Amino acid sequence: MPKNKKRNTPHRGGSAGGGGGSGAAAATAATAGGQHRNVQPFSDEDASIETMSHCSGYSDPSSFAEDGPEVLDEEGTQEDLEYKLKGLIDLTLDKSAKTRQAALEGIKNALASKMLYEFILERRMTLTDSIERCLKKGKSDEQRAAAALASVLCIQLGPGIESEEILKTLGPILKKIICDGAASIQVRQTCATCFGVCSFIATDDITELYSTLECLENIFAKSYLKEKDTTVICSTPNTVLHISSLLAWTLLLTICPINEVKKKLEMHFHKLPSLLSCDDVNMRIAAGESLALLFELARGIESDFFYEDMESLTQMLRALATDGNKHRAKVDKRKQRSVFRDVLRAVEERDFPTETVKFGPERMYIDCWVKKHTYDTFKEILGSGMQYHLQSNEFLRNVFELGPPVMLDAATLKTMKISRFERHLYNSAAFKARTKARSKCRDKRADVGEFF
């Protein structure tokens, strides 16, 4: 890791009188006020990375995570945001691992909640170098933060030579971590998702796409039921990695040429159903949704597609859609039944329950499994910023065929926004309504018990 500039500020626990140079004024202000928040972290002319690490405003990612784009619009200008981000980018070189991690998370949260294409375009090489360094030399949490930032960085830039350069630099590192059995499972899981998303956006070479598919399928195929195994697959610590690899592989399959799709269908169509017997509910759901998507792709290629083991497959899906196993948690059973009712309809009736996603004055209809899987993948990465990106991000709007961004004037935007106080009132009213409904339900159960 490159050496930082020499320390110009006094030690955190030292007095103001012990410092000199550019750090003296900051230390004096901190001593007088008792807080670092009111200190100007650095000047344009004299600012070291060590000085910036003393300012909580730069190393606190929660400032972007808690309130999202609304606060960025209401409480800070574009210049303020870019000023903060410049500081966070510098902090990715800090000596402290926690500071670097916080800086990576802060940048990621900002990019997930605001479109900053021009700002990022100018600094993409600096950010890529920082991510590469943290992936190679950082510990578990820092590596996860770096991989998550890489995903959002590619989403911001969209397809093009810039994203291709990022993938070309980070791809081999991500692949190495994913296949490294000694690395943390959580790191490998995050890297698998990142590798899939970045390849979905930036891969221009078809051979590289096939190589990524092979890497991911070699991971999740380890969960397949072996001949010597029983009828139930027992989950392991690696199961979360296998789930992420399967979902990333399924995402990439949606952009493959027809010949490659046919090849993958032949390889995995008869093996994937074995994952439905896994004792991990998330693996069962991931396998079920992947199967529904594969059926959709197969029928898109051949309308009269015939699956040999249809009867046994539908029996398994129906059992999962009506599962009443008392050994499973109620939340897991409810989630599983909801998903597998839709999967069963897709396999048996070629039907998909259309979902509507509203964002601003627009709405998007999710009417197929390919679109649903793509939406779920990007929603997991962007979180609450997904709606903002659907409005403003040209790449995502092209993926979901939404056309160019809708231009709205400031007055219209203001009328669409809901203040924090109004959100609080709405949530309070909803909570009271739910509580009242539960109370009535409990009263009815009590009356029935007394009657008998």
Side-chain angles (χ1 to χ4, degrees), residues 124-125 127-129 131-132 135-136 143 146-181 183 187-224 241-272 286 290-291 293-294 296-298 300-302 369-371 373-374 377-378 381 395-396 398-399:
R124 69 185 185 281
M125 297 306 298
L127 280 169
T128 305
D129 290 343
I131 294 170
E132 180 182 10
L135 284 173
K136 283 183 175 179
Q143 287 177 307
L149 174 57
S151 299
V152 181
L153 185 60
C154 283
I155 293 173
Q156 280 268 347
L157 294 173
I161 191 169
E162 295 84 8
S163 294
E164 290 173 19
E165 290 173 354
I166 293 172
L167 181 60
K168 190 174 182 179
T169 301
L170 302 181
I173 304 170
L174 293 170
K175 190 173 183 178
K176 182 179 179 180
I177 294 173
I178 294 168
C179 300
D180 183 5
V187 173
R188 296 172 69 192
Q189 177 188 7
T190 306
C191 287
T193 300
C194 173
F195 198 24
V197 169
C198 292
S199 298
F200 179 86
I201 297 169
T203 298
D204 187 48
D205 186 352
I206 197 69
T207 57
E208 288 296 325
L209 177 61
Y210 295 164
S211 175
T212 305
L213 282 169
E214 185 177 358
C215 170
L216 294 170
E217 67 188 12
N218 287 339
I219 298 296
F220 74 77
K222 294 175 183 178
S223 278
Y224 282 156
L241 168 63
H242 297 171
I243 293 170
S244 296
S245 299
L246 172 61
L247 295 176
W249 176 85
T250 306
L251 176 70
L252 292 179
L253 198 62
T254 64
I255 60 172
C256 283
I258 291 177
N259 290 337
E260 185 67 15
V261 173
K262 287 182 177 179
K263 181 180 175 182
K264 297 300 180 185
L265 290 177
E266 291 175 2
M267 289 175 60
H268 296 279
F269 234 145
H270 297 283
K271 297 178 181 179
L272 265 176
S290 296
L291 274 169
L293 190 146
L294 292 184
E296 187 173 272
L297 292 177
I301 297 171
E302 299 177 12
W369 284 98
V370 170
K371 187 177 285 189
H373 184 64
T374 306
T377 300
F378 286 102
I381 295 170
F395 158 66
L396 284 183
N398 287 335
V399 168

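We use all heavy atoms of the structure for the numbers below, so side chains are in, but hydrogens, waters and symmetry mates are not. Numbering of residues begins at 1 and proceeds along the displayed sequence. Every value quoted in this text rests on a predicted model; they were computed, and no experiment measured them.
Applying the ring pair (Phe, Tyr, Trp, His ring centres under 6.0 Å) criterion to W369, with sequence neighbours excluded, gives F352. With sequence neighbours excluded, the residues satisfying side chain to side chain contact (heavy atoms under 4.5 Å, CB included) with S223 are H242, L275, M283. Residues passing the side chain to side chain donor-acceptor pair (under 3.5 Å) test with N218: none are found, sequence neighbours excluded. Taking D180 as the reference, A182, A183 meet the side chain to side chain contact (heavy atoms under 4.5 Å, CB included) condition, with sequence neighbours excluded. Taking the side chain to side chain donor-acceptor pair (under 3.5 Å) definition, one finds that Q189 meets it with S244, sequence neighbours left out. Residues satisfying the salt bridge (charged side-chain N to carboxylate O under 4.0 Å, His left out) criterion with K176, sequence neighbours excluded, are absent altogether. Take F269 and apply the ring pair (Phe, Tyr, Trp, His ring centres under 6.0 Å) test, not counting sequence neighbours, and it matches F295, F305, Y307. In terms of the side chain to side chain donor-acceptor pair (under 3.5 Å) criterion, K263 has no residue partners (sequence neighbours excluded). In this structure, the side chain to side chain contact (heavy atoms under 4.5 Å, CB included) partners of K271, at least two apart in sequence or on a different chain, are Y224. Listed by chain and number, the residues in a side chain to side chain donor-acceptor pair (under 3.5 Å) with K175 are S211 (sequence neighbours excluded).
Pairing each heavy atom of C194 with each of L174, the nearest pair is SG-CD1, 3.7 Å. Contact between A148 and T190 at its shortest, heavy atoms only, is N-CG2, 4.2 Å. Contact detail for V261 and C256: the closest heavy-atom pair is CG2-O, 3.7 Å. The minimum heavy-atom distance linking L247 with A286 is given by the pair CD2-CB, 3.9 Å. The two residues A147 and L135 come nearest to each other via the heavy atoms N-CD2, 4.1 Å. L253 and L294 make their closest contact through CD2-CD2, 3.3 Å (heavy atoms, listed as atom of the first residue, atom of the second, distance).
Note that CD1 of I381 and OG of S151 are 4.5 Å apart. Values are rounded to the nearest 0.5 Å. One distance of note links CD of Q143 with CD1 of I177; it measures 5.0 Å at 0.5 Å rounding. Once rounded to the nearest 0.5 Å, the distance linking CG of L297 with NZ of K262 reads 12.5 Å. Atom NZ of K136 sits about 13.0 Å away from atom CD1 of I131, to the nearest 0.5 Å. Summarising the geometry, atom CD1 belonging to I173 is positioned 12.0 Å from atom CD1 belonging to I178; distances are rounded to the nearest 0.5 Å. The line from OG1 of T250 to CG of L216 is 9.5 Å long, rounded to the nearest 0.5 Å.
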Can you list, pair by pair, the side-chain donor-acceptor contacts under 3.5 Å of residues 163-172, counting residues two or more places apart and other chains?
unit_1 : atom_1 : unit_2 : atom_2 : d
S163   : OG     : G158   : O      : 2.5
T169   : OG1    : E165   : O      : 3.0

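Judged by distance alone, the side chain of E217 and the main-chain N or O of W249 form no donor-acceptor pair under 3.5 Å.
In this structure, the side chains of I243 and L246 stay at 4.5 Å or more apart for every pair of heavy atoms. In this structure, I255 and T203 have side chains that are not in contact, with every pair of non-hydrogen atoms separated by 4.5 Å or more. Between C154 and V197 there is no side-chain heavy-atom pair separated by less than 4.5 Å. The shortest distance between side-chain heavy atoms of N398 and F395 does not fall below 4.5 Å.
Screening T374, T377, I155 for a side-chain contact (heavy atoms from CB on, under 4.5 Å) involving F200 leaves a single residue, T374.
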Trace of the side chain to side chain contact (heavy atoms under 4.5 Å, CB included) decision for I201 with F378: CA-CA 11 Å; I201 297 169; F378 286 102; 4.3 Å; yes
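Screening residues 188-213 for salt bridge (Lys or Arg N to Asp or Glu O under 4.0 Å) gives no qualifying pairs among residues at least two apart or on separate chains.
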